[in-house]
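A quick write-up on the structure given underneath.
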Amino acid sequence: MQPTRHTLTAPIHYSVDPIFVEDLMGLPWHVPIAEWHLHGVRILEIKRGVSRHVVIFVKTPRFSYCIKEIGLEVSKKEVSNYEMLLLNGIHTLVPVGTVSREEAVIESGAPIGTRYERTVTAHTVTLLVEKVLPDSELFQRNFSFVSRKAIWDAIAELFVELHTNGILWGDASLANTLVKFEKIDVPFVGKKTFLKAYLADAETVEVFPTLSAAQRESEIRYFFGSMDSLNEDLRISGLQRDALTTENDKQYFRSRYDLLFTAEEKKKLFFRQTTFNIDAVLGLVSNPAYVDMFLEHIEEHKWYLCERTGTQVTLAEATQNWFTAIYAPLCKLFRTEGVLECFPGKTAAELYIEIMTHKYFLSTQAGTDVGMVQAMNDYADTFGAVANTQSFMKKITDTMKSLIGFTPARRGQ
Ligand SMILES: Nc1ncnc2c1ncn2[C@@H]1O[C@H](COP(=O)(O)OP(=O)(O)O)[C@@H](O)[C@H]1O
Ligand SMILES: [Mg+2]
């Protein structure tokens, strides 16, 4: 016989961050969330990915939340996964906690008489992420490949963040990825706008010491599967589009992922050697060749320091010295001298890296090391955008000379 359900009492448990308790207590947790619109709750109609569970977005006086009805154990695991992801610096949802409702179920007709069983309905509560780009745009005709590439870049970056930290998502689909524009602080420049991808839906997340190539590959294939289904949905809804689109997108995504993954591995190795976080200082460096170049650059600086002091200098000391004695003052100067006017769209770090790259290019051509100062002058002549680039570069190179304060014969500066 089917049990008859009666809600006798409905105690509500709030396993949530204390700052949200009062706000959440104002919501009608004693009824299913699917009925909240009948109970005066302000429901937000926001585009969301396909989901298995009932998911609603609500606005309260203080915050807006995403609430998902789910089992208690899974909810607890999901919330702790979000916390772990945030601690690892992964872009993901901010968990508010788990709110659960105890329900009593009367089992009627049992041989030993009526039995009461308790069941629990739980909810994962997260802070709402607003202004998300809907994934349904992705394969539409009027959405250019250039725009899509920016989105694939952001998602590939999220995948690399996860995988280089030994984290397997397990449900890496387009529907579970939120993409939005975000202002991020760039060292020596200030805030710049980037597209960032967020992991939304952390039920299946698992951490390993490291991930095998096969694990990473399966995650990418799963993601490609979700691209196919979105594509198919759009086709069924009558959208006309180029048959090759998805294949091109996949190829692009894979190459971007591989590039970023290699760069990240190199950066991690560099960090182990020097305790220096390249991204934190230079901004996001996505090209692995830049990391190699940067290492060469620091080794050169180490050589110069050893020459000057006549003592042994470690790579870590050389990096530290390079940062405080050369890089930081130069970047400040880039900024005060108006780097953005002379080289529109570039950050100080990008400019530094590009000059460094240019130096290697010139040195290879010349068959000898041309030095930073010559590289700077040549770079300004070739790429500077406005007339005052010359005076800007003169100031920079003069400062560079005084910072280095030494002309190593080998360097030709
Ligand atoms: N905090 C949030 N802010 C904005 N959108 C969200 C948030 N949490 C989830 N979503 C959207 O709701 C969808 C469904 O949530 P999800 O956790 O994936 O449910 P399910 O486990 O049923 O798949 C997600 O794919 C995402 O698009
Ligand atoms: Mg989901």
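These numbers were taken from a predicted model, which means no experiment stands behind them. Both ligands and their constituent atoms are indexed starting at 1 by order of listing. Numbers here simply count residues along the sequence, with the first being 1.
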- Task: Anything under 30° is parallel, anything over 60° is perpendicular, the rest tilted; go ahead and classify Tyr304 against His301.
- Result: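 Ring orientation of Tyr304 relative to His301: tilted.
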- Task: Give a yes or no on whether the ring-centroid distance for Phe270 and Phe294 is below 6.0 angstrom.
- Result: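 When the ring centroids of Phe270 and Phe294 are compared, they turn out to be within the sub-6.0 Å range.
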- Answer yes or no: does atom CD of Glu22 have more than 12 heavy-atom neighbours from other residues, nucleotides or ligands under 6.0 Å?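 Counting neighbours around CD of Glu22, 12 or fewer heavy atoms of other residues, nucleotides or ligands fall under 6.0 Å, so no.
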- Which N/O/S atom belongs to Asp201 and is the closest one to the Mg ion (ligand 2)?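 Looking at Asp201, the N, O or S atom with the least distance to the Mg ion (ligand 2) is OD2.
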- Query: Are the charged groups of Arg101 and Glu103 less than 4.0 angstrom apart, N to O?
  - Reply: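 A salt bridge links Arg101 with Glu103.
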- the Mg ion (ligand 2) to Ser173: any N/O/S contact under 2.8 Å?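 False for Ser173.
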- Item | Side chain proximity check, Lys68 to His123, heavy atoms < 4.5 angstrom |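 No. Closest side-chain heavy atoms not under 4.5 Å.
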- Query: Are the side chains of Val96 and Tyr65 in touch, meaning some heavy atoms are under 4.5 Å apart?
  - Reply: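 Answer yes - side chains close enough.
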- Item | Criterion salt bridge (charged side-chain N to carboxylate O under 4.0 Å, His left out) against Asp249, the qualifying member of Lys149, Arg148, Arg256 |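 Exactly one pass, corresponding to Arg148.
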- Message: List the protein residues in contact with ligand 1, where contact means a heavy-atom separation under 4.0 angstrom.
- Response: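 Correct list: Arg48, Gly49, Ser51, Arg52, His53, Val55, Phe57, Cys66, Lys68, Leu93, Thr126, Leu127, Leu128, Val129, Ala175, Asn176, Leu178, Asp201, Glu203.
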